[in-house]
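Below is one structure, written out as structure tokens; the observations come after it.
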Amino acid sequence: MTVEEILARLVAFPTVAGHEAIVNWVGRHCQVVGAEVAIIPGHEGDRSNLFVTMGALEAKGRFLSGNMDVVPTSEPEWSGASSCQGNIENLGACFAA
């Protein structure tokens, strides 16, 4: 898959009512490239945390934290991933810390 295909797939997941499907998809995708994956159920009961480790545990690394769910919207333009002038857009597509 290309980067664009991966991003388009990620922003197309319906995550308003839970995000088990995206957690499992990202977890499987990471395992394919050799990562160690742990899915840790959240205390809320309807979501999980995805913890992915790549490379040697002794080495310095980087950490990315983001969310995989969005709040409901009634705006019809947020019905799925779209491409606009080379950008992949969707609600929550660029929200990560």
Side-chain angles (χ1 to χ4, degrees):
M1 293 181 87
T2 66
V3 171
E4 291 81 8
E5 290 169 334
I6 292 170
L7 289 173
R9 179 65 184 116
L10 288 172
V11 299
F13 276 99
T15 58
V16 173
H19 62 272
E20 180 180 1
I22 192 172
V23 167
N24 290 330
W25 189 89
V26 171
R28 282 191 307 273
H29 191 77
C30 291
Q31 286 175 322
V32 166
V33 297
E36 182 180 326
V37 173
I39 297 174
I40 304 161
H43 67 274
E44 303 91 347
D46 65 341
R47 41 193 103 149
S48 299
N49 296 295
L50 180 63
F51 193 78
V52 178
T53 305
M54 295 183 80
L57 295 177
E58 303 81 27
K60 291 183 179 181
R62 298 204 172 38
F63 184 80
L64 171 68
S65 178
N67 70 317
M68 294 179 275
D69 60 332
V70 296
V71 295
T73 181
S74 59
E75 300 171 17
E77 63 267 21
W78 295 117
S79 61
S82 62
S83 180
C84 178
Q85 299 178 359
N87 298 314
I88 298 171
E89 301 174 341
N90 199 351
L91 184 62
C94 295
F95 182 75

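Keep in mind that what you see is a predicted model, and the values were worked out from it rather than measured. These numbers come from the heavy atoms of this one structure, side chains and all, not from hydrogens, waters or symmetry mates.
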Task: Point-to-point distance, once rounded to the nearest 0.5 Å, from CD1 of Ile22 to CG of Leu50 - done: 9.5 Å
Task: Atom pair CD (Gln31) and CD (Glu36), whose distance is rounded to the nearest 0.5 Å - done: 9.5 Å
Open item on the list: If hydrophobic clusters are built by linking Ile, Leu, Val, Met, Phe, Trp and Tyr wherever their side-chain heavy atoms come under 4.5 Å apart, do Leu10 and Phe51 end up in the same one?
Closed with: no
Task: ILVMFWY cluster, Ile39 and Val26 together (side-chain gap under 4.5 Å) - done: yes
Task: Hphob cluster co-occupancy, Val37 + Val33, side-chain heavy atoms under 4.5 angstrom - done: yes
Open item on the list: I need the minimum non-hydrogen distance between Asn49 and Gly42, along with the two atoms involved.
Closed with: ND2-CA, 4.3 Å
- [ ] Write down the atom of Pro41, the atom of Ser48, and the distance for their closest heavy-atom approach.
- [x] CA-OG, 3.9 Å
- [ ] Check which hydrophobic residues are tied to Val32 through side-chain heavy-atom contacts below 4.5 Å, counting indirect links as well, and list them.
- [x] none
TODO: Taking side chain to side chain contact (heavy atoms under 4.5 Å, CB included) as the test, write out the residues that go with Ala59, two or more places apart.
DONE: Ala56
Open item on the list: Is there a path of hydrophobic side-chain contacts, each under 4.5 Å between heavy atoms, that joins Val23 and Ile6?
Closed with: yes
